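Taking it in order: structure first as structure tokens, then the write-up.
Please read all numbers here as calculations on a predicted model, not as lab measurements. Throughout, a chain's letter reflects where its sequence line sits, starting with A, and its residues are numbered from 1.
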Protein chains: 2
Amino acid sequence: MKSSEAKKEFIEAWGNLGSSWGTNRTMSSIHALLMSSPEPLSTEEIMEALKISRGNANMNIRALIDWGLVRKRHIAGERKEYFEAGKDIWEIAKQISAERRKREINPVIDLLARLEKEEDGSDPEFSKLLKEMHNFTAQMSGFLDKFNRSDRNWFSRTLLKLLN
Amino acid sequence: MKSSEAKKEFIEAWGNLGSSWGTNRTMSSIHALLMSSPEPLSTEEIMEALKISRGNANMNIRALIDWGLVRKRHIAGERKEYFEAGKDIWEIAKQISAERRKREINPVIDLLARLEKEEDGSDPEFSKLLKEMHNFTAQMSGFLDKFNRSDRNWFSRTLLKLLN
DNA sequence: CATTTCTTTCAATAATTACTGAAAGTTTAA
DNA sequence: TTAAACTTTCAGTAATTATTGAAAGAAATG
């Protein structure tokens, strides 16, 4: 199989994965396309490769930049913007987990903390659930934070130790 | 704040969380409702509490059972089915991670393995990306598997050690 | 500063996903 | 059995989310 065919499958799979994890398919596809491209690509090239409109391409490239997964590259002598994605899978995973922690997990922790404090305890089982959830999510968030701050090898080493 | 109000907020937040992580809002809301209910609930009661139709309730209860998050309970002398959710947050997290691993992560690992094997290596950078992604996702999957098999305290202890 | 090239926005529309409710199916009890 | 009580299914519809494309906005060029 040619690399180009493999890339197509990879892009499609990455798109599906994105859509089943709550980030839209096109955004993930563009990410996969940029990850698998040796050179930065222009908006035109992305539109062409994925058969999508200019508006769609622009919006999703913006979103990827916002997530810290893609950055602009100016190419000497060229007027238009080019985009490239980081290719280090550890960095990518860190970036995604940091963003999701910030956007989705931390707000839930805050809510749980508030409910735990404010509710009147008239259902003790429910109070216990809140407490346990709060504790659990806070621990998870701490773990992700550690992961985010760690260097490339910490997690590998740790996993090895854990899985011994 | 009354527990009942806190429950409402909790149900709503859990629904939102579900919808931003790719599982539908109603399914997560039913889950939250059952988690925060001291007794098992019937389909009628769920419909009433969340203002949803019979069909919707039925389908999402089915899905929750399928995910291993909810189980049927027969109540003595009652004809209709009742449903209850496990309330141990560690068990819930294990269950969700096991299902997502099975449904979404493992298929990706299989694809990466296949592409890595079959593609012709004509773009060495891309070959490297495939290899690293395959390695990374396999490690993650291994970690989740360990988590799934672990008892309630292993993960806590491990986290403590890691976060020292 | 006028023109060209490129980027962004956003209202309209399309595509997808979720929900309803009624009808069909199943189980239980008498 | 038959009828009542309950569950499941699914075609139609509603709601949500994603996409288009054209127009407006910026930036660079000469």
Return the residues of residues 60-77 of chain B meeting this criterion: a heavy atom under 4.0 Å from some atom of DNA chain D. Order them by number, or give none.
-> B:Arg62

Sorted by number, residues from residues 10-39 of chain A placing a heavy atom under 4.0 Å from DNA chain D are A:Asn24, A:Thr26

For the pair B:Glu132 (side chain) and A:Asp88 (backbone), establish whether a donor and an acceptor sit closer than 3.5 Å, ignoring hydrogens and angles.
->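 No, the answer is negative, given that no donor and acceptor are paired below the 3.5 Å cut-off.
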
B:Ser28 side chain to B:Asn24 main-chain N or O, any donor-acceptor pair under 3.5 Å?
-> yes

Side chain to side chain, B:Leu34 and B:Ile46, heavy atoms closer than 4.5 Å =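 Sidechains of B:Ile46 and B:Leu34: in contact.
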
Min side-chain heavy-atom separation B:Arg100-B:Trp67 under 4.5 Å = yes

Between protein and nucleic acid, restricted to nucleotides 13-16 of chain C and to nitrogen or oxygen atoms under 3.5 Å apart, what atom pairs and distances do you find?
none

For DNA chain D, what dot-bracket results from Watson-Crick or G-U pairs at under 3.5 Å, with [ ] for crossers and | for inter-strand partners?
-> ||||||||||||||||||||||||||||||

Can B:Glu48 and B:Lys51 be counted as an ion pair, charged N to O under 4.0 angstrom?
->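 B:Lys51 and B:Glu48: salt-bridged.
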
Aromatic plane relationship, A:Phe143 with A:Trp154 - under 30° parallel, 30 to 60° tilted, over 60° perpendicular | tilted

Between the protein and nucleotides 26-30 of chain C, are there any N/O to N/O pairs under 3.5 Å, and if so, what are the atom names and distances?
residue, atom, partner, partner atom, Å
C:dT27, O2, B:Arg79, NH2, 3.1
C:dT28, O2, B:Arg79, NH2, 3.2

Rounded to the nearest angstrom, tell me the gap between atom NZ in A:Lys80 and atom C1' in C:dT8.
->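 So the NZ-C1' distance, A:Lys80 to C:dT8, works out to 17 Å.
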
How close or far is atom C1' of C:dC6 from atom CZ of A:Arg54, stated in whole angstroms?
-> 8 Å

Enumerate all atom pairs, one protein N or O and one N or O from nucleotides 10-14 of chain D, separated by less than 3.5 Å.
none

Check every strand shown and say whether A:Glu81 touches a base, only sugar-phosphate, or nothing at a heavy-atom separation below 4.0 Å.
->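 Contact class for A:Glu81: sugar-phosphate only.
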
After noting the C-alpha distance and the side-chain angles of B:Glu5 and B:Phe10, does the key distance pass the side chain to side chain contact (heavy atoms under 4.5 Å, CB included) rule?
-> CA-CA 9 Å; B:Glu5 287 173 62; B:Phe10 173 66; over 6 Å; no

